[in-house]
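Please read all numbers here as calculations on a predicted model, not as lab measurements.
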Number of protein chains: 2
Amino acid sequence: MDAEPKNTGGKAEPWGDITPDAARRLVSAAVHAFAERGYHATTTRDIASRAGMSPAALYIHYKTKEELLYQISKVGHERALAILERARDSAGSPAERLADAVRSFVRWHAEHHTTARVVQYELGALAEEHHAEVIAVRKATDGAVRSIIEDGVKAGVFDVPDVRGTTVAALSLCIDVARWFNADGRSTPDEVGDLYAGLVLRMVGADGGQP
Amino acid sequence: MDAEPKNTGGKAEPWGDITPDAARRLVSAAVHAFAERGYHATTTRDIASRAGMSPAALYIHYKTKEELLYQISKVGHERALAILERARDSAGSPAERLADAVRSFVRWHAEHHTTARVVQYELGALAEEHHAEVIAVRKATDGAVRSIIEDGVKAGVFDVPDVRGTTVAALSLCIDVARWFNADGRSTPDEVGDLYAGLVLRMVGADGGQP
DNA sequence: ACGGAGAGTGAGCAAGCGCTTAGCCGCCTC
DNA sequence: GAGGCGGCTAAGCGCTTGCTCACTCTCCGT
């Protein structure tokens, strides 16, 4: 039972705090392989060799290939949720909190687009029990964004006829960043985050355009 | 060289016009299997048995499993592009054309969410040459939306600081529908299409909110 | 010095994969 | 009605997959 210093928002590899060094290398290798080819197209031999070990070494640290995906998916979803909950619970107007949520959520998806791609698009490969666990976290992410929008509507500063649909749309925008974002591309995570925060403010009818 | 009556916008199964009956059943079976489990997790035995044939029968109509995905991906991308090009080339103000584009594009992704899921999320499994071909169609889709937005900016009716980024965002919104839409869910394709058309109009700073 | 534990390896197993082959069957043509 | 041909199947080939096993090495407490 050590004290574990959690690194929930960092900019570097999000797997720096995994305890045995070999296990960390395995997770990192799996993230990259899953993101490139998808879970089912990735072989355990590929993961092991990216981590610099023999195929059998994987099974010292993880019982199955699926357990690796579960670890990635669970931790990733929890970090993503933490980002949104921090924005929801912060001080400030609904518009400020919504902009903060979108900006930081998008930035996370862009900065960690490799991890985020696995988190957002490979959860269908999880075992049923693990899948259900992850779905529960996703419901909470939806709830976090929706409650910010509801606050704005109640305060009369947002104009949103369909709160549920607009929440889904805002989350869509953010999540899809993991699909297309490329670190060598035209724009930085910060730029995309700022742009998308403005777009979502416009979507909810808060001022985001005219100065 | 027959005249082929193309069904580019239909509401039913989008594979009604594939010529040998067995081939059509195979494509339809493959679409459902790929959408449910993903390309790599789907076996040729599964596709064949869904189509009511023995595993070997698949290879009478398609050379490989990948060729099935290619057929689905190519036709699907071309239909999606056709929808956007029709909206781009139609008469009407930029706002009307953009709303039309988003509304019909979203409706297609919702109505055919099974096909759309394969089209949008399984293209990474294509062989390199086929992949390149499909990427070219995707660039054209992006171009179609961008040109509508550019028209609106030039006409002074849209307020869009970052045309390229806003185009990506609008397309993200539409494409992501294929990921979450569920036919048994709360909203119909028409409702989502209308909602999203309004949201995108707000994103580009055209009137979409205040009456 | 030494025994035990844990990390790691090379070889390999059973199962399942994409795909092929040999041959059957119904139908059209002459 | 003989011949051929396309659609289809049963059987199975060669290979890869996830995972296991018997074993070695290195480290550490006594």
Separation of atom [atom1] in [X] from atom [atom2] in [N], rounded to whole Å:
| X | N | atom1 | atom2 | answer |
| --- | --- | --- | --- | --- |
| Tyr62(B) | dG7(D) | OH | P | 13 Å |
| Tyr59(B) | dT20(C) | OH | C1' | 10 Å |
| Leu69(A) | dG18(D) | CG | P | 13 Å |
| Arg24(B) | dG7(D) | CZ | C1' | 16 Å |
| Arg25(B) | dG7(D) | CZ | C1' | 11 Å |
| Asp46(A) | dC19(D) | CG | P | 15 Å |
| Ile60(A) | dT24(D) | CD1 | C1' | 12 Å |

Review point. Any ring pair (Phe, Tyr, Trp, His ring centres under 6.0 Å) pairs touching residues 175-202 of chain B, not counting sequence neighbours?
Key: His113(B)-Phe181(B)
Review point. Is there any ring pair (Phe, Tyr, Trp, His ring centres under 6.0 Å) pair reaching into residues 26-59 of chain A, and which pairs are they, with sequence neighbours excluded?
Key: Phe34(A)-Tyr39(A)
Point to revise | Exam field: side chain Glu67(B) to backbone Thr64(B), donor-acceptor pair closer than 3.5 Å | key: no
Check your understanding: OP1 or OP2 of dG6(C) less than 4.0 angstrom from a side-chain nitrogen or oxygen of His61(A), does that happen here?
Key -> no
Check your understanding: Tell me, for nucleotides 10-17 of chain D in 5' to 3' order, what letter each nucleotide earns: B for a base near a protein heavy atom under 4.0 Å, S for only sugar-phosphate near one, - for neither?
Key -> B-B----B
Check your understanding: For Ala22(A), what residues pass the side-chain contact (heavy atoms from CB on, under 4.5 Å) criterion, not counting sequence neighbours?
Key -> Arg25(A), Met53(A), His61(A)
Review point. Considering residues at least two apart in sequence or located in another chain, which fulfil the side-chain contact (heavy atoms from CB on, under 4.5 Å) criterion with Asp46(A)?
Key: Ala33(A), Arg37(A), Thr42(A), Thr43(A), Ser49(A), Arg50(A)
Point to revise | All pairs passing side-chain hydrogen bond (donor to acceptor under 3.5 Å, both in side chains) where residues 118-136 of chain B contributes a residue, at least two apart | key: Glu66(B)-His130(B), Tyr70(B)-Glu133(B), His109(B)-Gln120(B), Gln120(B)-Arg138(B), Tyr121(B)-Asp176(B)
